[in-house]
Amino acid sequence: MKFVSWNVNGLRACAGKGFADRFMEMDADFFCLQETKMQAGQLDMEFLGYESYWNYAEKKGYSGTAIYTKHHPVSVNYGMKWLLEDESISEHEHEGRVITLEYEDFYFITVYVPNAQDGLKRLDYRMRWEDTFLTYIKTLDKKKPVVFCGDLNVAHEEIDLKNPKTNRKNPGFTDEERGKFSTLLEAGFKDTFRTLHPEEQTFSWWSYRFHAREKNIGWRIDYFVVSDRLMPKVAEAKIHTDIMGSDHCPVELILSI
């Protein structure tokens, strides 16, 4: 099965930059979007042979996720509170960040992890999010294996960004964020691209400023992560740096499942 994930940084904008052509060319079984920045009814973007599921943020023009799939799921759930019966999780349910599809043999999740923001003003919230999301995927993983993908808003290792020294305390490369991702991996999950390509420096996001993409001054913050026991079924993990239309590029997973 082919899985694709892409932070489109506004689907309506990306639609005007050839999104539909890229979607059809990639011919994925699952095609996930983050940062759709849409509300229901704002764009008719359906494709023959695909079902689609959308989680919209309450705030207009902000966040949001979607999954297109050729495979009808056993169940579909939005957010995390449906599984974790904890009232405190309500703070995470307003920004359209998580969609979970259940299949007979695995759970599939797309996620758009909150950004710590300039001045790290949302870092404390980000830490609470990380703890909740880890509890969420561990709970699912007890039932069946998990595949999740999306913009995780963290460059885990120094190889995952062009300038690690000057970004040490910046959003996406703080010790706190990197530590949370390490904790997640230690809990029984694999970063598929880094596992298959331990020494390859390839990026998935570039700032719109200073011609960063032209100079390839980027970050790898878009991931496919799988339960440890699924890693032997991973055939390939790719980053499509040649595909334009957003400040991110699509990432891909080929999984024999």
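Quick caveat, the model's predicted, so the values are computed rather than measured. Both backbone and side-chain heavy atoms feed into the values below; hydrogens, waters and symmetry mates do not.
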Using atom types as modelled and distance alone, determine if a side-chain donor or acceptor of [X] lies under 3.5 Å from a backbone N or O of [Y].
X    : Y    : result
D29  : K2   : yes
E102 : V74  : no
R97  : Y112 : yes
D160 : E157 : yes
T65  : T110 : no
Y107 : K143 : no
T192 : F224 : yes
N153 : V113 : yes

Of the non-hydrogen atoms in [X] and [Y], which two are nearest, and what is the gap between them?
X    : Y    : result
N163 : N167 : O-ND2, 2.8 Å
D131 : K180 : OD1-NZ, 2.6 Å
R126 : A116 : NH1-N, 4.2 Å
A237 : L196 : N-CD1, 3.7 Å
S204 : R220 : OG-CA, 3.7 Å
Q34  : S5   : NE2-OG, 2.9 Å

**Asked** Passes salt bridge (Lys or Arg N to Asp or Glu O under 4.0 Å), K169 versus D175? Steps please.
**Response** CA-CA 7 Å; K169 296 184 179 181; D175 292 346; over 6 Å; no
Distance in Å, [X] [atom1] paired with [Y] [atom2], rounded so as to fall on 0.5 Å steps:
X    : Y    : atom1 : atom2 : result
L33  : D151 : CG    : CG    : 12.5 Å
C32  : Y68  : SG    : OH    : 11.0 Å
T100 : I137 : OG1   : CD1   : 10.5 Å
S63  : E35  : OG    : CD    : 7.0 Å
H248 : T241 : NE2   : OG1   : 14.5 Å
F181 : D191 : CZ    : CG    : 5.0 Å

**Request:** Indicate yes or no: does K190 engage D228 in a salt bridge with an N to O separation below 4.0 Å.
**Result:**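 Salt bridge flag = yes for D228 with K190.
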**Asked** Quick one: do D247 and R213 make a salt bridge, cutoff under 4.0 Å?
**Response**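 Not counted as a salt bridge, because no side-chain N and carboxylate O are separated by less than 4.0 Å.
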**NE2 (H211) with more than 12 external heavy atoms under 6.0 Å** =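 No - once you tally the heavy atoms of other residues, nucleotides and ligands closer than 6.0 Å, there are 12 at most.
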**D242 atom CG, over 12 foreign heavy atoms within 6.0 Å** =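 Check passes, neighbour count above 12.
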Between [X] and [Y], is any pair of side-chain heavy atoms under 4.5 Å apart?
X    : Y    : answer
H156 : L185 : yes
Y223 : R194 : no
F31  : F47  : no
D105 : K144 : no
N9   : K37  : yes

Quick one: list whatever passes side-chain contact (heavy atoms from CB on, under 4.5 Å) with [X], sequence neighbours left out.
X    : answer
H197 : F193, E200, E236
D141 : V146, F189, S227, R229
E104 : none
K162 : F203, I217

**Item:** Flag for E87-S90: side-chain donor and acceptor within less than 3.5 Å
**Value:** yes
**Request:** Could you walk me through whether L253 and V226 pass the side chain to side chain contact (heavy atoms under 4.5 Å, CB included) test, one step at a time?
**Result:** CA-CA 10 Å; L253 177 73; V226 301; 4.2 Å; yes
**Request:** For F148 and F133, run side chain to side chain contact (heavy atoms under 4.5 Å, CB included): C-alpha distance rounded to whole Å, both residues' side-chain angles, the deciding distance at 0.1 Å, then the answer.
**Result:** CA-CA 11 Å; F148 75 87; F133 186 71; 3.9 Å; yes
Does [X] belong to the same Ile/Leu/Val/Met/Phe/Trp/Tyr cluster as [Y], with side-chain heavy atoms less than 4.5 Å apart forming each link?
X    : Y    : value
M26  : M45  : yes
F106 : M231 : yes
V225 : L255 : no
Y78  : W82  : no
V111 : M80  : yes

Please list, chain by chain and in numerical order, all residues satisfying ring pair (Phe, Tyr, Trp, His ring centres under 6.0 Å) with [X], sequence neighbours excluded.
X    : result
W129 : H92
Y50  : F23
F30  : F3, H71, Y103, F108

**Request:** May I have the step-by-step check of side chain to side chain contact (heavy atoms under 4.5 Å, CB included) for T36 and W54, ending in yes or no?
**Result:** CA-CA 9 Å; T36 55; W54 301 76; 4.2 Å; yes
Salt bridge (charged side-chain N to carboxylate O under 4.0 Å, His left out): pairs with one or both residues in [range], sequence neighbours excluded:
range          : value
residues 10-24 : R22-E25
residues 62-72 : D27-K70
residues 40-68 : none

**Asked** With ILVMFWY side chains joined below 4.5 Å, transitively, what does Y62's cluster contain besides itself?
**Response**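 In the cluster with Y62 there is nothing else; it is isolated.
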**Request:** Go through the steps for C249 and W206 under the test side chain to side chain contact (heavy atoms under 4.5 Å, CB included), then give the verdict.
**Result:** CA-CA 9 Å; C249 71; W206 304 261; 3.8 Å; yes
**Set of residues satisfying side chain to side chain donor-acceptor pair (under 3.5 Å) with respect to K238, sequence neighbours excluded** = none
